[in-house]
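Input: a single structure, listed below in structure tokens.
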Amino acid sequence: MIIIPKQNPNPKQMERLIAWLKSNGVGVHISQGENRTVIGLIGDTSKIDIDLIRSLDIVEDVKRIQEPFKNANRKFHPEDTIIDVAGVKIGGGNFQIIAGPCSVESEEQIIEVAESVKKSGAKMLRGGAFKPRTSPYAFQGLRGDGLKLLLEAKNATGLPIVTEIMDLNQLNLFDDVDVIQVGARNMQNFELLKELGHTNKVILLKRGLANTLQELLMSAEYIMAGGNEKIILCERGIRTFETYTRNTLDLSAIPVLKGLTHLPVIVDPSHSTGYSKYVMPMALAATAAGADGLIIEVHNNPQYALCDGQQSLTMEAFDKLSKQIEAIRPYAYKYNV
């Protein structure tokens, strides 16, 4: 349920209303926007008398929310959420590119790529330290050593770092990580999501391989229910019957999610397509469709990459793509709240 007060409501009346709502056993979430305030009620609202609330002098309207996700719902928070990552803002008209290798392989590799992508316009560095792989014989990442190399690249370039967590037991290793990525395979690891809800970290939450948008938002809700509202949603392609691409990039997810939630929405054209030749056109398409950002794999020598080299752009290709993205950004679709 949401309550929309009239403009400039009496402060004492607002205090009494909020106290009365809490006395009915519901959580109260207040969203203070530029043009209006929204009071969101979380919990069992079946016993709340809508007509009684609507009759109050300070109330303009009352609505019940049918969707199961509450905190992530745009009705609760009409204006776009802007996430600040060590001074880099994303969402609410702030578009950012996250770039870097699929996996951290060496100090020389990660610093070379970090310096290159920064020069080309990327504002955050991605790199895998822990790698979830289908085959147990594939490269699993440098793990703790990979995190140390990412921090060295951060110190060398100033770029905030984004890297994936695979297990709850690894959380203590991520103290200095700016953005914790929850991968597609962990999107419904609810114990992990609940624990991340108690952190103060920015969470990049990727859509699962076969999950609906509502399920993605419910996973975000798990994190937000714990108190952490700093979430970036990521469309990374879903599994379909198509075999010419690694996954099927669902570009329609961008406007749909922008209508349903206030959280920033970015797109991963690398994992979704699986081939570098498709990354550039899909990155441009996602930008035009109104995404808040992109996360792109870039490697200094893709043919010798230890992980997903076939979908990684060269540093030169990324530089070219960045210029094209900048050219179409003014014409990108903008969701009107």
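Below, each value reflects all heavy atoms present in this structure, side chains not excepted, and no hydrogens, waters or symmetry copies.
Under the 3.5 Å distance criterion, the side-chain polar atoms of Gln311 are left unmatched by any main-chain donor or acceptor of Asp308. Of the possible donor and acceptor atoms, one in the side chain of Glu221 sits under 3.5 Å from a partner among the backbone N and O of Lys70. Looking at Thr45, its side chain never comes within 3.5 Å of a backbone N or O of Ile48 through a donor-acceptor pair. Glu195 places no side-chain N or O within 3.5 Å of a backbone atom of Gly197 that could act as its donor or acceptor partner. Proximity of a side-chain donor or acceptor of Arg54 to a complementary backbone N or O of Val62 within less than 3.5 Å is detected. Side-chain atoms of Glu242 do not come within 3.5 Å of backbone N or O of Thr248 as any donor-acceptor pair. Between the Ser31 side chain and the Val38 main chain, no donor and acceptor come within less than 3.5 Å of each other.
Residues His299 and Gln109 have side chains in contact (heavy-atom distance under 4.5 Å, counting atoms from C-beta outward). A 4.5 Å side-chain heavy-atom check between Val113 and Phe318 finds every atom pair outside the cut-off. Using a 4.5 Å cut-off on side-chain heavy atoms (C-beta onward), Val298 and Ser116 make no contact. At a threshold of 4.5 Å between non-hydrogen side-chain atoms, the residues Leu173 and Arg143 do not count as touching. Within the 4.5 Å cutoff, side-chain heavy atoms of Leu284 are placed close to those of Ile325. Side-chain contact between Asn247 and Ile238: absent, with no pair of heavy atoms (C-beta onward) separated by less than 4.5 Å.
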* To do: Applying side-chain hydrogen bond (donor to acceptor under 3.5 Å, both in side chains), run through Glu229 and His77 and close with a yes or a no.
  => CA-CA 11 Å; Glu229 299 187 352; His77 193 299; 5.7 Å; no
* Test side-chain contact (heavy atoms from CB on, under 4.5 Å) on Val117 and Leu159 and set out the steps. => CA-CA 10 Å; Val117 297; Leu159 291 176; 4.3 Å; yes
* Hey, mind stepping through Cys234 and Ile295 against side-chain contact (heavy atoms from CB on, under 4.5 Å) and telling me if it holds? -> CA-CA 9 Å; Cys234 182; Ile295 179 167; 4.0 Å; yes
* To do: Given side-chain contact (heavy atoms from CB on, under 4.5 Å), test Met315 with Lys119 step by step and report yes or no.
  => CA-CA 10 Å; Met315 297 184 295; Lys119 185 179 179 180; over 6 Å; no
* To do: Starting from the C-alpha separation in whole Å, work towards a yes-or-no answer on side-chain contact (heavy atoms from CB on, under 4.5 Å) for Glu235 and Leu249.
  => CA-CA 8 Å; Glu235 163 58 37; Leu249 178 56; 3.8 Å; yes
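Residue Tyr244 belongs to no hydrophobic cluster, having no ILVMFWY side-chain heavy atom closer than 4.5 Å to its own. Here Tyr278 sits in one hydrophobic cluster together with Tyr275; the rule is ILVMFWY side chains under 4.5 Å apart, joined directly or through other members.
In plain terms, the two heavy atoms of Val28 and Ile39 that are nearest each other are CG1-CG2, 3.7 Å. Listed here is the closest heavy atom pair of Asp84 and Gly87: OD1-N, 2.7 Å. In plain terms, the two heavy atoms of Ser106 and Leu142 that are nearest each other are N-CD1, 4.4 Å. For the pair Asp49 and Asp51, the tightest heavy-atom approach, listed with the atom from each and the gap, is OD1-N, 3.0 Å. A pairwise comparison of heavy atoms in Leu233 and Leu257 identifies CD1-CD2, 4.4 Å as the closest pair. Residues Ala220 and Leu263 come closest through the heavy atom pair CB-CD1, 4.2 Å.
Hydrophobic clustering (ILVMFWY, side-chain heavy atoms < 4.5 Å, transitive): Met187 and Val265 are in one cluster. One hydrophobic cluster, built from ILVMFWY side chains closer than 4.5 Å, holds both Met224 and Ile165. One hydrophobic cluster, built from ILVMFWY side chains closer than 4.5 Å, cannot hold both Ile296 and Val179; they sit in different ones. In terms of hydrophobic clustering, with Ile, Leu, Val, Met, Phe, Trp and Tyr side chains grouped at heavy-atom distances under 4.5 Å, Leu168 and Val177 are assigned to a common cluster. A continuous path of hydrophobic side-chain contacts links Val88 to Ile232 [ILVMFWY only; heavy atoms under 4.5 Å].
Listed by first and then second residue, the side-chain hydrogen bond (donor to acceptor under 3.5 Å, both in side chains) pairs that reach into residues 265-274 are Lys206-Asp268, Asp268-His271, His271-Glu297, sequence neighbours excluded. Each ring pair (Phe, Tyr, Trp, His ring centres under 6.0 Å) pair with one or both residues in residues 166-190, not counting sequence neighbours, appears once here: Phe190-Tyr222. Counting only residues at least two apart or in different chains, side-chain hydrogen bond (donor to acceptor under 3.5 Å, both in side chains) contacts with residues 153-164 comprise Lys154-Asp178, Glu164-Gln181. The stretch residues 251-261 participates, sequence neighbours left out, in these side-chain hydrogen bond (donor to acceptor under 3.5 Å, both in side chains) pairs: Asp250-Ser252, Lys258-Asp292. The side-chain hydrogen bond (donor to acceptor under 3.5 Å, both in side chains) analysis of residues 320-331, with sequence neighbours excluded, yields the pairs Asp319-Lys323.
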Between side-chain atoms of residues 92-104 and protein atoms elsewhere (two or more places apart, or another chain), which donor-acceptor pairs fall under 3.5 Å?
residue : atom : partner : partner atom : Å
Asn94   : ND2  : Gly91   : O            : 2.8
Gln96   : NE2  : Lys89   : O            : 2.8

Identify each donor-acceptor pair in which a side-chain atom of residues 4-11 lies under 3.5 Å from a protein atom, sequence neighbours left out, and give them as a table.
residue : atom : partner : partner atom : Å
Lys6    : NZ   : Asp57   : O            : 3.0
Asn10   : OD1  : Lys12   : N            : 2.9
Asn10   : OD1  : Gln13   : N            : 3.1

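Checked against salt bridge (charged side-chain N to carboxylate O under 4.0 Å, His left out), Asp176 has no partners two or more places apart in sequence or in another chain. Under the side chain to side chain contact (heavy atoms under 4.5 Å, CB included) criterion, Lys75 pairs with Ile2, Ile65, Glu67, Asn73, not counting sequence neighbours. Residues passing the salt bridge (charged side-chain N to carboxylate O under 4.0 Å, His left out) test with Arg16, sequence neighbours excluded: none.
One finds the CD1 atom of Ile90 at 11.5 Å from the CG atom of Asp80 (value rounded to the nearest 0.5 Å). Distance check: Ile30 CD1 to Met14 CE gives 5.5 Å after rounding to the nearest 0.5 Å. The distance from atom CD of Gln303 to atom OG1 of Thr314, rounded to the nearest 0.5 Å, is 10.0 Å. Put simply, CD on Glu105 and SG on Cys307 are 8.5 Å apart, with the number rounded to the nearest 0.5 Å. Between the CD1 atom of Ile266 and the CD1 atom of Ile254 there is a distance of 10.5 Å, given to the nearest 0.5 Å. With rounding to the nearest 0.5 angstrom, the CG atom of Asn169 is 10.0 Å from the CG atom of Leu192.
A side chain to side chain contact (heavy atoms under 4.5 Å, CB included) with Ile161 is found for exactly one of Ile110, Val85, Leu125, namely Leu125.
Under a 4.0 Å N-O distance rule, the pair Lys118/Glu115 does not qualify as a salt bridge.
Glu108 CD: 12 or fewer foreign heavy atoms inside a 6.0 Å radius.
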